[in-house]
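Quick note on labels: first sequence line is chain A, next is B, and so on, each numbered from 1.
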Amino acid sequence: MRATDTITVATTRPETMLGDTAVAVNPKDERYKDLIGKTILLPLTDREIPIVGDEYVDAEFGTGAVKITPAHDPNDYQVGERHNLPRLLVMNEDATMNAEAGPDFDGLDRFVARAKVVERFEELGLLERVEDYEITLPVCERCKTIVEPILSDQWFVKMEEMRDMALDLMRTEGVPHFSPQVPHEKVYTAWLENLKDWTISRQLWWGHQIPAWYDAEGNVYVARSEEQAIENAGGRELTQDQDVLDTWFSSGLWAFSTFGWSGDTHVPTDAASASERLADKEEAAENRSLGDKSVPAPAEKNVHSPSDLDVFLPTDVLVTGRDIIFLWVSRMIMLTKKFTGKKAFEDVIVTGTVLGKDGKPMSKSRNNGVDPIDMFDKFGVDATRIYLASIATGADIKWNDIGVETYRNFANKIWNATRFCLMNSEGASISSESLLQQASFSSPPVLGGVAAASADGVVPPEGGTPNFSLADKWIISRLNKTAKAVNQAIDTYQFHEAIQLLYHFFWDDFCDWYIELVKDEITGGDAFTGGKATVRERASDVGEEGTLAYTRVSARSRILTVLEQALRLLHPFMPYLTEELWQKLPGVSNSLHNAAYRSAASTIMLTSFPAGDDALIDEKAESEMQSVIELITKVRNIRAEMNIKAGDRLSIHVAASSEMQAIFTANEAQIKKLARADKIVLGDSLDVPKASARAVLTGGAEIAVPLEGLIDFDKERDRLQNQIEKLDVELQRLNGQLSNANFVERAPADKVQELRGRKEELEQQIITLKANVEALV
RNA sequence: GCCGACUUAGCUCAGUGGUAGAGCACUCGCUUCACACGCGAUAGGUCACAAGUUCGAAUCUUGUAGUCGGCACCA
């Protein structure tokens, strides 16, 4: 190589060239490969630096030659390590140049030095060109100062072993099981695979100071305490490392340090109390009936007292946010495995991020934050809590006051429904769940409050228990179906689904229908005296008054018991409200508690979570109730569309099968009340005046409401036409599907059958409605 | 640059192969004795766009556009 040859490199920080200790090229680069091993003069200095070959250099990028500044660039540092290059610090900690930069630059600010280097290059004719180039700069979050990479001593944690432990857990056991699994499991695994050693030194004035001490010669002594360090140093005077531990290092110990770990897992604890807690945990797991997660037995039982660590580690589930997975969750997993040999936890639920109203992450600079305290004041703690829980697992959501308001209203609804039940609870009381089991008609009645009330002349009807009404069987079925679905949803961490189910059950089923259906029975209104004929007849010889009272009391106990179960189901999501209301229910006591806690003061917190009972799910009752609901809804629709005044009573004519007639007869009082009718005429066919509004029901039933003088024929025609059109749209689609030979051949038979049934139903309804339209003319 | 997510009614969001849902807002009616933070009845969607797989797609595949996130940022 001739003495005049040059290599051109590019840099965004010209002043760092003063600290260059090599030029690197790609060993495969034809242009430069012969230069490897030679040296080159570094301008502005008197140094001669080597040319090294390193795969790090991308021959395609820039000039294909890179200046190497090991003390001021992380990548260069690694190149330096590979080639044993000196690490020359040319800057002070305040980003001014130091003596190593040479007398011309010593003491200059980096930016001044930068300009001066460029100037000198220009003077020397060494500058090829200056061009604009966009890079991302590391900037101090608080003071906005541009951060310069600089060589310094830091403590690192070797991660290889712990990383492999964590990867092994994921690969062999799938632990932790992330929920939602996608994309977190993949991201977590990829992160671990690329994990580098962990810097735990932090240059902060607060925190846990690193337990390393230095003597005057710079020798290091790591110890648990300063005394021990001094002892290890043979009494020499020591100074402690000024840095503090990364906050996540301390936090990473949390999963097991909270259970009394201190290097010895055989922490002596009160044996009895630990064993009890183990029993409680097992029992709680059973009672929740949320799958068969077993609690691991303490190792070497009977050898030493089980400690909290033995009993509670690993925990079941950790709930956290996305950004915490690397910082904290992974560290807990690795450190726990390393120090205790155990898993930290089985499952990790990753919640979404609550964004500001502008759809961006909340931050002070954007000023789009939501203060939870404001929400508590405005909507209540329970409403805020259930709103947050109602967000789909893992989904980000824009904060929405309307959403919280929805649950504030729900809380109000629960309060008012309970208030209604309590206003009409005289003589009644919660019994155990066994009350609901009477729906199966197999066991003798165990009616809470009945014995006490008997003194007041409340007498059971002859033959024991009153038959449950359709509404009773229906709500009990709905309750148990909901409970089962809620358990399943919680078990799979689908909290939003559980909440949706409970919201619908409580508001629509319980409040809008059940309370309204049994209201008169409970308060002693009209439907009560008119609708319980069978009970009264059976009890004729014990006196009507007593039986009426008995029936009312048992209805009251029934609704309270359903309510009590609903409050339990809602309790995890609305703890304060449900506890408050539960305490007010007559007959609640610690006898309702989970068996392990019978002696504790009564609280809803210690009752078992309703699991739902298949035996109490009654599809027939649900389907029959659906017919009643449909009938009432159709009549209400006629009332609304025909502008019938709320106070006007009307009569309902129904043509239906004998089975359906029987259902409507049994629920006549309730239908009349809720449809605001004073008469129901049931028969095999309709015999009504032309001036009637009509509708069809599922199952071939037909109804008519005579509206002499009230009907608007044009309006009624439009109303019927509108319904026909809607049904026709669906029929057309079904016809299209069913006329497709491929569908009929390949789709599952039951699906085809289902659609055929639906088609027939639609055709029948359309025929009827069309006939109704013609009859109007 | 690499990886990923999201796009459904006016708004905020559910819905992973079989007739599109909720809350709020909108329209109409209601001092119905638990609740107007309520009750009753309506209306409102080519499920971002395109192609493919399938008897059948909001749902599965691929591509496009837009929005957002994570990682790497480089001489």
For nucleotides 56-58 of chain B, tabulate all protein N/O to nucleotide N/O atom pairs closer than 3.5 Å, reporting atom names and distance.
none

(request) Identify, residue by residue, the members of residues 375-385 of chain A with a heavy atom below 4.0 Å from RNA chain B, and return them in order of residue number, or none. (result) none

(message) Counting only heavy atoms from other residues, nucleotides and ligands, does the tally under 6.0 Å from CD of A/Gln583 exceed 12?
(response) yes

(message) Nearest to the A/Asn400 side chain among B/A41, B/G38, B/U12, which nucleotide is it?
(response) B/U12

Could you list, one pair per line, each protein nitrogen or oxygen that sits under 3.5 Å from a nitrogen or oxygen of nucleotides 30-32 of chain B, together with the distance?
unit_1	atom_1	unit_2	atom_2	d
B/U32	O4'	A/Arg676	NH2	3.2
B/U32	N1	A/Arg676	NH2	3.2

(message) So if I take residues 500-511 of chain A and measure heavy-atom distances to RNA chain B, which residues fall below 4.0 Å?
(response) A/Gln500, A/Tyr503, A/Trp507, A/Cys511

(request) Measure from the side-chain heavy atoms of A/Phe326 and tell me the nearest of B/A75, B/G70, B/U19. (result) B/G70

(request) Under the side chain to side chain donor-acceptor pair (under 3.5 Å) rule, collect the residues that match up with A/Asp20, sequence neighbours excluded. (result) A/Lys67, A/Thr69

(message) What is the distance, to the nearest angstrom, from the CZ atom on A/Arg639 to the C1' atom on B/G40?
(response) 10 Å

(request) Using the test side chain to side chain donor-acceptor pair (under 3.5 Å), find all partners of A/Asn424 that sit at least two apart in sequence or belong to another chain. (result) none

(request) Confirm from the modelled atom types if A/Gln494 and B/A14 form a donor-acceptor pair under 3.5 Å, side chain to base only. (result) no

(request) Using both distances under 3.5 Å as the test, list the Watson-Crick or G-U wobble partner of B/U53, or none. (result) none

